[in-house]
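Naming convention: chains lettered A, B, ... in sequence-line order (proteins, then strands); numbering from 1 in each chain.
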2 protein chains.
Amino acid sequence: MKRAKKQNRSDIEERVQEFSRLCRKNDLRVTNQRLEIFRALLETVGHPTVEDVFHQIRTILPNLSIDTVYRTLTLFENHGLITRVQCLSDKGRFDPNLENHHHFICVRCKKIEDFYWPEFTDYSIPDEAMKLGMIQMKKVELRGICNECRRKGRNAHQKKHS
Amino acid sequence: MKRAKKQNRSDIEERVQEFSRLCRKNDLRVTNQRLEIFRALLETVGHPTVEDVFHQIRTILPNLSIDTVYRTLTLFENHGLITRVQCLSDKGRFDPNLENHHHFICVRCKKIEDFYWPEFTDYSIPDEAMKLGMIQMKKVELRGICNECRRKGRNAHQKKHS
DNA sequence: TATTTAAATAGGAACTATTCTTATTTAAGG
DNA sequence: CCTTAAATAAGAATAGTTCCTATTTAAATA
């Protein structure tokens with residue numbers, strides 16, 4: 001995992017400060033580990049994994065536990081301070097439908113529902129994106145809370161770290 | 001996992017037949033397990049997991065191995081006969097960028113790159129999709145082969161089941 | 001500034017999804 | 001029918017993630 005800087009040092013420190021305030025506002029204690037974890041996210045390009053973060057911080061906090069990284073990232077996610085990319089579910093899921101279609105994913109129960117949006121095919125993506133590589137598939141992902149989970153209320157949460 | 005029918009029996013059998021032909025065309029042997037696995041995908045609504053497929057077929061093939069389901073689904077995926085939903089990578093990845101942005105994912109190296117598409121915000125999704133639940137996030141996902149992997153050629157593949 | 005205490009952490013065990021290994025079975029061509 | 005390379009079953013091994021518990025610490029309060 002590259003550690004190239006996304007932003008310069010003072011920008012990062014500013015965001016860490018701002019983050020620190022956000023934690024207090026959310027009744028989250030401001031610990032060294034939490035700040036380092038957030039800083040690591042900012043310093044790493046390309047959506048780091050838990051392990052990337054863990055190894056990066058280990059040089060600073062030699063007895064950081066990997067469980068702390070898991071707990072903390074999930075905590076940040078649950079408070080909307082960061083987002084989780086791609087792997088909403090921890091289980092692979094498969095689709096025999098090769099037609100052009102899109103997905104709504106429930107962030108609570110991880111259900112994936114299809115929808116169709118024929119007009120979307122006509123919208124052309126920006127040049128910036130075209131240059132990233134050979135594109136094989138272009139689809140829309142919606143995230144939210146499905147009707148079923150809305151009915152059930154908060155208690156339907158999956159039970160991970162707080 | 002629900003087993004409600006997506007299509008009626010004869011539609012499914014027709015697709016299984018067609019699939020069988022496709023296998024031969026791809027130099028894949030047509031085994032009972034493979035046909036049952038594909039049939040299970042067709043019969044299950046909502047993008048089944050490996051375990052969903054496994055349990056469904058166990059009643060028909062009592063000593064099916066779960067490894068066969070893993071191998072077979074990955075094989076189908078590699079031949080473009082089905083797609084894998086959501087979890088391209090097997091590791092959670094996180095993003096501190098809460099701005100509205102989109103992702104290009106390399107199907108070979110699993111790298112995720114950001115791009116921006118301000119106009120996309122203005123496109124309104126179809127009613128069909130609005131009715132699925134409370135939508136919190138709307139983004140575009142591109143899949144393809146990144147420039148780096150294209151340079152490296154086929155050998156850059158991740159080494160899973162053939 | 002010192003004290004208190006609920007919350008956070010470290011460390012390691014446990015769990016779960018996925019992949020690997022090897023002996024056995026089988027599809028499909030001869 | 002035979003043959004053989006490919007596919008499978010069974011279970012071991014691995015890797016990512018979560019759980020458990022004793023210890024530490026942030027931050028509220030005296």
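Here B/Tyr70 does not reach the OP1 or OP2 of C/dT19: none of its side-chain N or O atoms lies under 4.0 Å away. Phosphate contact (OP1/OP2 of D/dA7, side-chain N/O of B/Arg71, threshold under 4.0 Å): absent. Of the side-chain N and O atoms in B/Ser65, none sit less than 4.0 angstrom from OP1 or OP2 of D/dT8.
Looking at B/His102 and B/Asp114, their side chains never bring a donor and an acceptor atom within 3.5 Å of each other.
Rounded to a whole Å, the CZ atom of A/Phe54 is 9 Å from the P atom of C/dA10. Taking atom CG on A/Leu73 and atom P on D/dT17, their separation rounds to 10 Å, with Å as the unit. Here D/dC19 presents its P atom at 15 Å from CD1 of A/Ile66, a figure rounded to the nearest Å. Rounded to whole Å, atom C1' of C/dA8 lies 19 Å from atom CZ of A/Phe38. Distance A/Leu75 CG to C/dA7 P: 13 Å, rounded to the nearest Å. D/dA9 atom C1' lies 15 Å from atom CD1 of B/Ile57, rounded to whole Å. When rounded to the nearest whole Å, the span between NE2 of A/His79 and P of C/dA7 equals 13 Å. For the pair B/Asn78 CG and D/dA7 C1', the interatomic distance rounds to 16 Å; values are reported in whole Å.
Residue B/Asp27 is the one, among B/Arg58 and B/Asp27, whose nearest nucleotide of DNA chain D lies closer to the 5' end (criterion: closest heavy atom).
Of the listed nucleotides (D/dC20, D/dA9, D/dG16), D/dC20 has the atom at the smallest distance from the side chain of A/Asp67. Which of D/dT17, C/dT18, D/dA9 sits closest to the side chain of B/Val50 comes down to C/dT18. Closest approach to the A/Arg34 side chain among D/dA9, C/dG11, C/dT9 is made by C/dT9 (side chain taken as heavy atoms from C-beta onward).
The backbone N or O of A/Arg29 lies less than 3.5 Å from a partner atom in the side chain of A/Arg34, making a donor-acceptor pair.
Taking a pair to require two hydrogen-bonding distances under 3.5 Å in either a Watson-Crick or a G-U wobble arrangement, D/dA30 pairs with C/dT1.
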Base-contact (B) and sugar-phosphate-only (S) positions in nucleotides 25-30 of chain C, heavy-atom cut-off under 4.0 Å, - elsewhere: -BBS--
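Counted within 6.0 Å of CE on A/Met137, heavy atoms from surrounding residues, nucleotides or ligands total more than 12; the atom is thus considered enclosed. When the shell of 6.0 Å around CE of B/Met130 is examined, it contains 12 or fewer heavy atoms from other residues, nucleotides or ligands.
Under 4.0 Å is where a charged nitrogen must lie from a carboxylate oxygen, and between B/Glu13 and B/Arg15 no such pair does.
Taking the six-membered ring for Trp, A/Phe104 and A/Phe115 have ring centres at least 6.0 Å apart. Here the two rings, on B/Phe76 and B/Phe19, have centers that are under 6.0 Å apart.
Contact annotation for B/Leu64: backbone-only contact, meaning every heavy-atom pair under 4.0 Å involves sugar-phosphate atoms and none involves a base.
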